[in-house]
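Heads up: the structure comes next, in structure tokens.
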2 protein chains.
Amino acid sequence: MVLEIKPTQALRLWREVHLDLVRDTQPDLSVRQIAILLTIYLELPPHTVRGLAARLGVTKPVITRALDSMGKLGLVSRKRDELDKRNVVIQRTVAGALAVEHLADLVTARARELGPA
Amino acid sequence: MVLEIKPTQALRLWREVHLDLVRDTQPDLSVRQIAILLTIYLELPPHTVRGLAARLGVTKPVITRALDSMGKLGLVSRKRDELDKRNVVIQRTVAGALAVEHLADLVTARARELGPA
DNA sequence: CGATAATGATACGGCCCCGTAACGATCGGG
DNA sequence: CCCGATCGTTACGGGGCCGTATCATTATCG
């Protein structure tokens with residue numbers, strides 16, 4: 001089940017989806033925020049600030065700030081870890097799951113429309 | 001030549017490429033800038049500020065500013081249209097073509113690595 | 001010509017993000 | 001028990017992007 005995609009198709013797909021995102025999304029997320037959001041929703045919990053920072057190769061404040069802004073949008077939430085109160089566990093939300101699902105729909109729909117290279 | 005991609009695959013692809021972009025890219029472009037860059041390199045010239053603005057559904061200053069910053073990065077260049085000196089023609093550059101090609105490589109490489117849904 | 005329209009750039013005020021450095025809270029080993 | 005290590009957050013200074021409104025330049029039409 002290898003996904004065959006040609007460079008020209010890849011670029012067209014990337015462009016179409018980004019055009020959708022520019023027009024469609026209310027507040028569009030940064031590249032970092034998208035990476036964080038998808039990591040939270042695709043990888044197994046639990047997720048922590050330092051874990052995400054290491055996973056993305058960025059500093060911790062980047063994660064904290066991204067969680068702040070995405071939290072305001074309702075895409076994620078935070079909870080103190082009761083076993084080790086230094087830790088913060090990042091949790092998924094309904095709105096976040098919907099947003100991720102919406103992105104998946106965009107990509108699959110645009111992929112389906114791609115003609116030959 | 002329809003590109004079959006399942007929602008789970010789409011999300012994993014999106015995530016992997018965004019992780020690459022976060023780690024890899026020197027100054028990462030915004031969603032709008034990516035949309036503009038790919039439009040310039042995928043659609044037939046000539047490109048103008050107002051044309052791009054209409055194409056993306058954004059205001060002209062958005063395009064002007066994006067061209068400013070992408071111009072500093074050497075990804076695009078501008079030239080006055082000699083026939084109608086009100087117009088500015090946006091031109092491709094070698095560095096821009098390389099950046100677009102690099103993005104295509106990223107996407108195709110990550111797509112190839114995708115396992116079954 | 002002169003008035004009007006169109007094009008791209010600029011000014012302004014506001015908001016968000018960055019990286020570095022520091023901080024408070026909490027845990028854990030000696 | 002205490003002191004160092006760890007975790008997440010916050011402060012600071014700087015830079016970028018946004019939308020609206022306005023501007024200078026150029027073309028067009030009466």
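Proteins come first, then strands; the chains are lettered A, B, ... in the order of their sequence lines, and each starts at number 1.
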Going by salt bridge (Lys or Arg N to Asp or Glu O under 4.0 Å), name the pairs with one or both residues in residues 101-110 of chain B, residues two or more places apart or in two chains. B:Glu16-B:Arg110, B:Asp20-B:Arg110, B:Arg110-B:Glu113
Salt bridge (Lys or Arg N to Asp or Glu O under 4.0 Å) partners of residues 45-61 of chain A, not counting sequence neighbours, each pair once: A:Glu43-A:Arg55
Contact interval (first through last nucleotide) of DNA chain D with protein chain B, 4.0 Å heavy-atom: D:dC17 to D:dA27
Sequence neighbours left out, what passes side-chain hydrogen bond (donor to acceptor under 3.5 Å, both in side chains) with [X]? Give chain and number order.
X: A:Thr108; value: none
X: B:Arg86; value: B:Asp84
X: B:Thr64; value: none

Looking at DNA chain C, which of residues 37-53 of chain B put a heavy atom within less than 4.0 Å of it? B:Thr48, B:Val49, B:Arg50
Over all heavy atoms of both residues, which pair between B:Ile36 and B:Leu56 is shortest? Give the atoms and the distance, please. CG1-CD1, 3.2 Å
If you define the side chain from C-beta out and look only at heavy atoms, does anything of B:Arg15 sit under 4.5 Å from A:Thr39? yes
A side-chain contact here means heavy atoms from C-beta on lying under 4.5 Å apart; do A:Leu103 and A:Leu38 qualify? yes
Excluding A:Val88, membership of its hydrophobic cluster (Ile, Leu, Val, Met, Phe, Trp, Tyr; side-chain heavy atoms within less than 4.5 Å) reads none
If you link I, L, V, M, F, W and Y whenever their side-chain heavy atoms are under 4.5 Å apart, who else ends up in the same group as B:Val94? B:Leu98
Output one letter per nucleotide in nucleotides 17-30 of chain C: B when a protein non-hydrogen atom lies under 4.0 Å from the base, S when only the sugar-phosphate is that close, - when neither is. SBBBB----BS---
Aromatic centroids of A:His102 and B:Trp14 separated by under 6.0 Å: no
As a check of understanding: the bend across the helix from C:dC1-D:dG30 to C:dG30-D:dC1, end axes from five pairs, rounded to 10 degrees, works out to 10°
Mind checking side-chain contact (heavy atoms from CB on, under 4.5 Å) for B:Ala104 and listing every partner two or more places apart, or none if nothing turns up? A:Pro7, A:Leu11
